[in-house]
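As C-alpha cells, the structure follows; a few thoughts come after it.
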Amino acid sequence: MQAEKQNAKSLDLDAARVSHSSGYLTTNQGVGVSNTDDSLKAGKRGPTLMEDFIFREKVTHFDHERIPERIVHARGSGAHGYFQVYENLSHLTRAHFLSDPNLVTPVFVRFSTVAGFRGSPDTVRDVRGFAVKFYTEEGNYDIVSNNMPVFFIQDAIKFPDLIHALKPEPNNEMPQAASAHDTFWDFVVNTPETMHNVMWLMSPRAVPQSYRTMEGFGIHTFRLVNAKGEFKFVKFHWKPILGVHSLVWDEAQKIAGKDPDFNRRDLWEKIEQGNAVEFELAIQVLNPEDEFRFDFDILDCTKLWPEELVPLQKIGKMTLNQNVSNFFAETEQVAFCPGNVVPGIDFTNDPMLQGRLFSYIDTQISRLGGPNFQQIPINRPLITVNNNQRDGMHRMTIDEGQTSYYPNSLNNGQPHAAGPHESHFEHYQEKVDGHIIRERSASFRDHYTQPAMFWNSMSDWEKRHIVDAFWFELGKCKNKNTQQKLVDMLGNVDPELAQKVAEGLGATPPANMAKPTAFSSPALSMANTPKSPQTKKVAVLVAGGFDRAQFDAVTSALTGAGACFDVVSGNLGPVTACDSSTVEANKTYATTAPVFYDGVYVPGGSQVETLKGLADVQTYLCDTFNHYKTIGLSGEASALLCLLRCGEKKAPGIICEPAPNMENYVADFLTALTEGRHFQRQIC
Ligand code: HDE
C-alpha cells in the first residue's frame, strides 16, 4: 500500500489525463460540435463544402495519427511499477535510489520482440527487449536490456547490417518476425562473432512463456562509482520471481495464430487481476584489478561472466502493478536510452555501448517528431528540468524570462552550474591512451569457447530444442551453401551438435571438429529455475453429468495454490453436474485452446461418455501431452487415456486415477502442475 501511494509517476501523469466521461463534443479550438456524423453539404446530396472546418479538422488529425514504429523492438507492451533496493549500496555507488531500502522509485517497463513489425505476433522465435526506466530523485535512469546476456555483434557499426539481414527481405518484405530466412543466416555464417547469441536464439529462451517468466540482462559492462570516486565493473541482471519458463516450438507457432497478443494479454490480465509481476535486480561486481582476469574481454558483449566465476548479488526488487491507461501515450511514446544514467552509474568502453549512446536519442528525434520528446509525460523526470535549451517542434513548457544562456548576469547567473553539494553527474576519469585506428582488439577474437560452454550447460531437453530449432531455421533457407557453412561453424562448438544438425539438413558433418569442452555453467540452464503453481492456468473440461465433488476438490485446490482455471465446455452458460448442481462454463472449445493452459483436468461422472466422442477433447489431451504439460483425469475420466497415443497411465505428468482418494489426487495434480513441463515424457 505504502509503495503504491508513493508511486509518484502515476500522479505526475495525472496532469495530462483527460477522462472524456462527460460534456459535449468540441473541436480542437474548443468550439461546440452538434453533429459529427454528417459533413457539411450544398443540398442533402452534396457536394461537400470546403468550409466544413469540423470535417477538415477531424480527418486531418486522423490522417496523422500514426508515428513511425521503432526500427527494432517495434512490438512491445508496457507497465508501471516500483523498485526498492534491499540494502544500502553506497559503498558501491553514489546513486541515491540504490542507497535507501525505504525509498520507493517509480518505474516504467517495456517488454518487446526485436524483429517483428508493431502488429506482429508475440510468440515468434526472437530476442526479447526488457527496458526499464527508473524515475529517480536524481533524474531518469534506464537499463535497456534484453532477455539474453550476450549480443550478436561486437561493434555498433555492424548493427545496421545485422538488422537489415534479420528484418524481412527487402525485395518482397518476407518473412515477418522471423529469423528463419536466407539473409539472416547468410549474415551469421559470414560473421562468426554471432555464434554465441545464435545459440541462445535457438534455445527455449527465444520463446518465453510470459514476460513475467523471462530474465533481463544489461549485457554490457557498466561501472558503479561511489562518493569517493572508486569504481567497480558491473553487469545487471533481472531475475523473475516465478522462474524462467518457455513455450515449446509447436505451441509457440499455434499461439501465434490463435492469439497474437498472448504475452501482452498475459501481462495485462495478471496486473488487472492484482497479481504482482516481480523481478529481482541482481549484479555481478568485478574489481578494477580483475579486468584482465578472464580468457575473454569484459568489454566484448558477445561474452557473459559465468555466475560460477563472478557470483550474482540480488540487490532489490521491481514490482509491476499498474497497466497503462493509454497505450500510445505511454508504451508507444516512451523513449529509452542506455545513456540515461544518474550519478554513481557510468559507462565502459564497450564499443557496442558507446554506439548505443548515440543511436537512441537520434532515433527518438525522428520517431517522436523532434528534440522535445523528453517533455512527453511518460518521459519526464520527476525532478524539474532546469536548463537553457529552448523551442523546437512540439515544445510543451513555456520557458519564461529574458535569458536563455549561461553565463549571464541579467538572471543573476541562474540556472547555475551545480555545486559540490548539489546532485550532479561526474564522469569517471578513466585514463585513455592509444592511436586512432579502425580495428578490433585481438582479445575479442574467440567466438567459440562460450557457445561451447552454453551447449555444455544445457539439459537434454534444452539440447533437443536447440537442434530442432537449427533444423527449422536452416531448413527454411533455400541456400544449401549457407546450411553447410553453418554446420561447419557448429563444428567449432561441439561435435555432437554439428553432427545432429548436419543430419537434419542433409549436410556433411565437418571434417575437423572442436574437442568437446568440459566447462559448463549450470546457471545457464533453465532446468534449475524456481517453480511455483502461482498464476498457472488449467482448463477444466466438463459436460452434463460431471462429478461435482471431484470438480470442487481440484478447482478449490487450484485457487488455494494461487493458480486459476477456466471451465471449458461445448457451450457457454450453466453445465449440470451429477448432483443436479450447476457450474458456469466461461469458455468453449471455439473460444479457447489447449495451448493457452498449463494443464488440463477432466473430472469423472457420466459426462465422460459425451467427452469421449468429441474431437475437441482429443485435441486438448493430445496437444497438452505433446507440449509436455500436466493432464489430470479422475474417476470415469480415466477412460479418456485411450485418446492419447501413449496410452500409458504412468507417463510423467499424467495424473490418472479411476478410484481417486481426492486428497492424494489433488496433491499429486498440484505437484505435477508446479513442475510445469514433463520433458521426460516420450513423444511418439
Ligand atoms: Fe537497441 N535500439 N541497439 N539494443 N534496443 C533500439 O531505440 C541500437 C542493443 C534494446 O522498449 C532503438 O528507441 C544499436 C543491445 C531494447 O523502447 C535503436 C545497437 C541491446 C530496445 C536501437 C543496439 C538493445 C532497443 C530502436 C548496437 C540489449 C527497445 C527504437 C550498438 C542490451 C526499447 C529505439 C523500447 C531499441 C539501437 C543494440 C536493447 C534504433 C545501434 C546490445 C530493449 O535506437
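It should be emphasised that the depicted structure is a prediction, and the values quoted were computed from it without experimental measurement. Counting starts at 1 for both ligands and their atoms, in listed order.
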Minimum-distance protein heavy atom relative to atom 34 (C) of ligand 1: T363 CG2, 3.5 Å
Contact (N/O only, under 3.5 Å) between H220 and ligand 1: no
Ring geometry between H427 and F425 (parallel below 30°, tilted from 30 to 60°, perpendicular above 60°): perpendicular
K239 side chain vs F279 backbone, donor-acceptor pair below 3.5 Å: no
Side-chain donor-acceptor pair present, H73, S112, cut-off under 3.5 Å: yes
Geometric N/O contact R110 with ligand 1, under 3.5 angstrom: yes
Protein residue, atom and distance nearest to atom 6 (C) of ligand 1, heavy-atom basis: Y360 CE2, 3.3 Å
Ring-face cation contact, F336 with K133, 6.0 Å cut, 45° max: yes
Taking atom 13 (O) of ligand 1 as the reference point, the nearest protein heavy atom with its distance: Q364 NE2, 2.8 Å
Side-chain H-bond candidate by donor/acceptor type, D350 with H220, under 3.5 Å: yes
Protein heavy-atom partner closest to atom 17 (O) of ligand 1 - residue, atom, separation in Å: R70 NE, 2.7 Å
Heavy-atom nearest neighbour in the protein, as seen from atom 8 (C) of ligand 1, with distance rounded to 0.1 Å: F159 CE2, 3.3 Å
Protein contact of atom 9 (C) of ligand 1 - nearest heavy atom, named by residue and atom, plus distance: R356 NE, 3.3 Å
Nearest protein heavy atom with distance in Å, relative to atom 25 (C) of ligand 1: H73 CD2, 3.2 Å
Enumerated ligand 1 atoms positioned under 4.0 Å from heavy atoms of I219: 28 (C), 32 (C)
Geometric class of the F222/F236 ring pair [parallel <30°, tilted 30-60°, perpendicular >60°]: tilted
For atom 40 (C) of ligand 1, the protein heavy atom that lies nearest, with its residue and separation: S359 OG, 3.8 Å
Under 3.5 Å: N/O of S145 near N/O of ligand 1: no
Which of the ligand 1 atoms, numbered from 1, are nearer than 4.0 Å to a heavy atom of M352: 27 (C), 31 (C)
